[in-house]
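Heads up: the structure comes next, in structure tokens.
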Amino acid sequence: MKFSRAAVYTVAATALMGNVMGFSSPTSFRSSSSSSSVSAATSCHKMVAQSQDASTTTTTGPRKRTKAERLEAASKGLQVHVVGLSIHHASVEVREKLAIAEAEWNAASNQICADGAVTEAAVLSTCNRFEVYYAATDARAAMASLTNYLADRSGLPVSVLRQNLFMLSGDDAVWHLMRVAGGLDSLIVGEGQILSQVRQCHLHSIEEDGCGGKVLSRLLNNGVAAGKRVRSETAISKGSVSISSAAVELSEMLSEEDLNLPFSECRLAVVGAGKMTRLLITHLASRGLEKISIVNRSDTRPKELQEQFPDVDIEIKLMDDLWDVVGRSDIVYTATSSVDYVITDDLLKENGLAGGRPLMLVDIAVPRNIAEECNTVENVKAYNVDDLKAVVAKNTAMRQREMIEAENLLKEETDAFIRWRDSLSAIPTINLLQEKANSVRVEELNKCTKKLKANSSLSDREMEAVERLSRGIVNKLLHGPMAHLRQTEGSDQKKKIDDLNSIFDLNEHGGRRGNRRR
């Protein structure tokens with residue numbers, strides 16, 4: 001007996017719709033479970049093989065996880081945490097021992113994840129904070145592993161570290177990142193530099209050698225979006241200042257007291273020619289700066305600054321001329337990436353600067369460029385980033401109203417991430433539903449194709465069309481339940497998951513995977 005092609009498609013579609021929605025006989029249901037168990041067993045063997053392959057490559061560095069592996073890890077209840085130091089909790093002496101250059105953030109993240117206790121990690125290290133955002137299933141084991149790493153890296157005892165560290169978990173960690181990205185946790189409320197740093201943290205986390213994973217990379221990306229929204233929808237950043245401008249404000253405020261000179265008459269110099277120096281010159285230029293000396297290891301970056309600020313007379317000197325420049329300057333700002341002190345009390349004395357005319361040193365680098373003992377040298381006043389707190393206190397008071405509006409926006413962004421994170425708990429049920437539906441589809445399609453091949457003259461291409469038709473029907477039928485499950489939150493989601501498991505008998509289906517009848 002021959003069938004028309006239209007009749008074939010109709011029969012196949014009707015059979016699949018009935019069986020996928022659960023209107024199948026107990027016999028065919030068990031068969032579908034058996035069929036899926038073979039698939040599950042094969043998948044299990046593949047995972048073991050992948051694990052063995054990964055173990056053989058550990059000597060060449062951690063293997064980058066696939067998208068499927070990251071998704072699986074995220075669905076297993078990964079909780080977000082943050083541990084770190086900030087200008088609010090720890091002195092610069094402690095912070096500088098943990099400071100990590102941006103080029104090394106990913107290397108540090110890989111070391112943190114090396115023992116497996118931490119699943120995902122991202123490092124954020126700036127002049128005002130050092131923070132590690134991480135995700136793990138066992139919070140206690142992860143914290144112990146991370147604390148040991150920080151102690152080893154800093155050379156500080158764990159007991160000392162714990163006195164300075166802050167630790168936040170779950171929703172509190174999410175809220176903390178949102179406030180950081182929004183500039184509300186900064187020394188200078190609303191400053192824009194931290195948003196750029198959080199953005200770099202996110203970009204590094206999703207690089208080939210990054211350890212961001214699905215949960216952490218999503219959190220960091222949401223943090224960047226929240227920071228942008230706060231700055232565009234509130235006035236939190238209007239008139240806001242950075243560490244660089246706070247340093248300028250500090251020196252301007254204290255020049256009469258420390259130097260007996262008005263700020264406009266002071267001779268200025270900067271050691272270093274990076275981003276902080278560019279910001280310094282920007283703020284100095286806004287106050288009428290006409291001349292400044294820049295001391296750097298090479299003249300490449302200082303020449304770039306000359307081009308960027310054509311109205312400022314920039315004198316370029318190399319490090320060999322450092323003490324000549326310091327000796328003829330009234331205020332010296334330091335902003336280098338050096339891990340060692342550039343200016344110390346002994347060097348000041350050796351170069352004849354002790355007891356001479358007054359000198360102000362303003363250090364905005366972390367690790368510090370100026371030794372604290374410089375304050376013991378006669379006629380020398382030295383300041384670091386911690387001394388900027390008094391300068392910026394008034395900025396915080398001025399922005400209280402904007403902070404309230406900003407926090408309302410950040411709460412919305414925090415809630416959005418938490419809803420997404422909670423929706424991950426539905427992934428195992430969604431996977432089971434897809435697996436069962438596909439198992440039924442394959443079984444019924446096999447039955448149908450045997451008859452079609454025996455009683456019709458359909459070509460291979462037409463049989464492929466039937467296969468695509470079956471997949472399309474299954475996908476469309478499952479789209480509604482799966483979308484509804486993802487959008488549900490809290491206790492309602494748990495109830496919906498239980499209902500779906502019961503309606504489609506997914507618990508029995510999942511429990512029998514790997515136990516195929518012989």
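Hydrogens, waters and symmetry mates are skipped; everything else that's a heavy atom, side chains included, is used.
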**Asked** Does the distance from a Lys or Arg side-chain N to an Asp or Glu carboxylate O, for Lys214 and Glu120, drop under 4.0 Å?
**Response** no
**Asked** With a 3.5 Å cut-off and no angle check, do the side chains of Ser86 and His89 form a donor-acceptor pair?
**Response** yes
**Item:** Modelled atom types, side-chain donor and acceptor of Thr234 and Glu405, under 3.5 Å
**Value:** no
**Asked** In terms of the angle between their ring planes, are His176 and Phe166 parallel, tilted or perpendicular, with boundaries placed at 30° and 60°?
**Response** tilted
**Message:** Side chains of Ile343 and Trp323, heavy atoms from C-beta outward: is any pair under 4.5 Å?
**Reply:** yes
**Item:** Minimum side-chain heavy-atom gap Arg162-Met167 below 4.5 Å
**Value:** yes
**Residues Arg179, Asp185: salt bridge by 4.0 Å N-O rule** = yes
**Asked** Below 4.0 angstrom, N of the basic side chain to O of the carboxylate: do Arg328 and Glu315 qualify?
**Response** yes
**Item:** Glu412 side chain near Met178 side chain, heavy-atom distance below 4.5 Å
**Value:** no
**Item:** Enclosure of Glu256 CD (heavy-atom neighbours >12, cutoff 6.0 Å)
**Value:** yes
**Message:** Against Leu219, only a single residue in Asn221, Leu216, Val215 fulfils side chain to side chain contact (heavy atoms under 4.5 Å, CB included); can you say which?
**Reply:** Leu216
**Message:** Less than 4.5 Å apart, side chain to side chain, heavy atoms only: is that true for Leu165 and Leu150?
**Reply:** yes
**Item:** Within-4.5 Å side-chain heavy-atom neighbours: Val83 and Tyr134
**Value:** yes
**Request:** Quickly, which of Ile87, Asn128, Leu187 forms a side chain to side chain contact (heavy atoms under 4.5 Å, CB included) with Leu388? Name it, please.
**Result:** Leu187
**Prompt:** Side-chain contact, heavy-atom cut-off 4.5 Å: Thr137 with Leu78?
**Reply:** yes
**Prompt:** Considering only heavy atoms from C-beta outward, does the side chain of Ser91 approach that of Val94 to under 4.5 Å?
**Reply:** yes
**Asp387 and Lys381 ion-paired at < 4.0 Å** = no
**Request:** Could you tell me whether Arg301 atom CZ has more than 12 heavy atoms of other residues or ligands within 6.0 Å of it?
**Result:** no
**Message:** For a 4.5 angstrom cut-off between non-hydrogen side-chain atoms, does Ile370 reach Tyr383?
**Reply:** no
